[in-house]
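Right, one structure below, let's go through it.
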Amino acid sequence: MILFKMIGRLQTQTPSSDTIAPMPELPEVETIANRLRDGRPPEPSLLGKTIARAEVYWPKTAAEPPAPAFRQRIAGQRVTAIGRRAKFILLTLSEDTLVVHLRMSGDIHLAKDPQPFGRFNRLALWFTDGWQMAFEDARKFGRMWLLADPQTLLGGLGPEPLEASLTPAKFHARLTTRRRALKPLLLDQAFLAGVGNIYADEALHLARLHPLTPSDSLTPAQAADLLKAIRAVLRAGIKRNGASIDWVYRGGGYQHEFRVYQRTGEPCPACGTPIIRTTVGQRGTHYCPRCQPAP
DNA sequence: CACGAGACCTGTTCGC
DNA sequence: TGCGAACAGGTCTCGT
């Protein structure tokens, strides 16, 4: 069914520009940033390229400065570094930093000019060598910022979960100085940067903790286990180039390793009990009622 | 400070 | 077959 639709589209549109983007959490954003930095044949690395011009098709996508200034200011700048912080992609330019957040449905595609625009193209950059970068985003939640100092935007973020400087002891201290349910706390980017709905559910299951467990009730050992679980699922996600879900395909394969996410009713990989789906903090939440007993 | 509801958006899938 | 409801990777703001 999906195949027929895709083939139908392929006849009228470019294959790379008509997919709706899937889920961007830390591993997916990391995968995309790495791709832009290192290249993925036939796509080149963006490092060293100079931006000739920008076009904004959905004005809100250019969050700051407003679209006209955004276009004017970005022209002529050269890409000198590419990285990631939390769920943001950072392109360091000669004068400013281009900060990209994919939100729910954003994705980045590269193409060599001339190329027809994808259906969901919201903002495009043209480089002087003819390559173009399209920001495609069906739901229009994604945003780009062109900032002299990215810290104004990133300053409030919590620690990177994969950085060694976040020790189990520090993590335990962060957890216990708050009094919140674990799941919404893990999704709070000021508490911990980069974890989203999928990896939160996966990590909580791996750590055998119920999503509603009060954060200040964890022992140091439980906190250490949770940090270990978060790191394990994020690393596994990165190793698989992120996850692709539903009818969308972007190249990641971590969805094949989901323990609980979107596995409602299926057996828990640890004990066989059917996975339950509930709502916590207005987000779909999946867990095993036996491995993760209610607090 | 913690938390829920509503916004922002569009597309697919589900249930009747 | 059709049609409205439910649901989706994220985050922001407002009211309690």
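In what follows, chains carry the letters A, B, and so on, assigned in the order in which the sequence lines appear, proteins first and then strands, with residues in each chain numbered from 1.
Atom pair R283(A):CZ and dT11(C):P shows a separation of 8 Å (rounding to whole Å applied). Protein atom CG of D188(A) is 12 Å distant from nucleotide atom C1' of dG10(C), rounded to whole Å. Atom CZ in F88(A) sits roughly 7 Å away from atom P in dT11(C) (whole-Å rounding). For the pair L187(A) CG and dT11(C) C1', the interatomic distance rounds to 11 Å; values are reported in whole Å. Distance L186(A) CG to dT11(C) C1': 16 Å, rounded to the nearest Å. One can place CG of N197(A) at 12 Å from C1' of dC7(C), the figure rounded to the nearest angstrom. One atom, CD of E136(A), and another, C1' of dG11(B), lie 15 Å apart when rounded to the nearest Å. Between the OH atom of Y199(A) and the C1' atom of dA8(C) there is a distance of 16 Å, given to the nearest Å.
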Just the table, please: protein N/O against nucleotides 14-16 of chain B N/O, every pair under 3.5 Å.
none

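Going from the P atom of dC3(C) to that of dC8(B) covers 26 Å, rounded to whole Å. When the P atom is compared between dC9(B) and dC7(C), the two are found 22 Å apart, to the nearest whole Å. dT1(C) and dT10(B) are spaced 28 Å apart, taking the P atom of each and rounding to whole Å.
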Residues 87-97 of chain A, side-chain donor-acceptor partners within the protein, below 3.5 Å, at least two apart:
from, atom 1, to, atom 2, distance (Å)
K87(A), NZ, V195(A), O, 3.2
S94(A), OG, R78(A), N, 2.8
D96(A), OD1, R73(A), NH2, 3.2
D96(A), OD2, R73(A), NE, 3.0
D96(A), OD2, Q77(A), NE2, 2.9

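In this structure, R208(A) has no side chain to side chain donor-acceptor pair (under 3.5 Å) partners at least two apart in sequence or on a different chain. Annotation: ring pair (Phe, Tyr, Trp, His ring centres under 6.0 Å) contacts of H172(A) (sequence neighbours excluded): none.
With contacts defined as side-chain heavy-atom distances shorter than 4.5 Å, the pair P295(A)/P214(A) qualifies. Counting heavy atoms from C-beta on, the side chains of T61(A) and F135(A) come closer than 4.5 Å.
Salt bridge annotation for R122(A)-E136(A): absent, with no cationic side-chain nitrogen under 4.0 angstrom from a carboxylate oxygen. A salt bridge is defined here as a Lys NZ or Arg NE, NH1 or NH2 lying under 4.0 Å from an Asp or Glu carboxylate O, and D216(A) with R180(A) fails to meet this definition. Salt-bridge check for E55(A) with R53(A): passed, with a basic side-chain N closer than 4.0 Å to an acidic carboxylate O.
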Q) If pairs are Watson-Crick or G-U with both distances under 3.5 Å, what is the dot-bracket string of DNA chain B, marking crossing pairs with [ ] and pairs to another strand with |? A) .|||||||.|||||||

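Between Q189(A) and the phosphate of dT11(C), there is a side-chain N or O to OP1/OP2 separation shorter than 4.0 Å.
Among the heavy atoms of the strands lying under 4.0 Å from Y261(A) are primed sugar atoms or P, OP1, OP2 only; no base atom is included.
Cluster membership check: I198(A) shares its hydrophobic cluster with L185(A), using side-chain heavy-atom separations under 4.5 Å among Ile, Leu, Val, Met, Phe, Trp and Tyr. Under the 4.5 Å side-chain contact rule for hydrophobic residues, L162(A) and L187(A) do not share a cluster.
Distances were taken from every side-chain heavy atom of H101(A) (C-beta onward) to each of dA8(C), dT11(C), dG11(B); the shortest belongs to dT11(C). Relative to the side chain of R119(A), the nucleotides dC7(C), dT11(C), dG11(B) differ in distance, and dG11(B) lies closest.
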(Q) Return a single string for nucleotides 1-8 of chain B, one symbol per nucleotide in 5' to 3' order, where B is base contact, S is sugar-phosphate-only contact and - is none, cutoff 4.0 angstrom on heavy atoms. (A) -SS-BB-B

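In summary, the aromatic rings of Y261(A) and Y254(A) are positioned with their centroids too far apart to meet the 6.0 Å limit. Between H205(A) and Y287(A), the gap from one ring centroid to the other reaches at least 6.0 Å.
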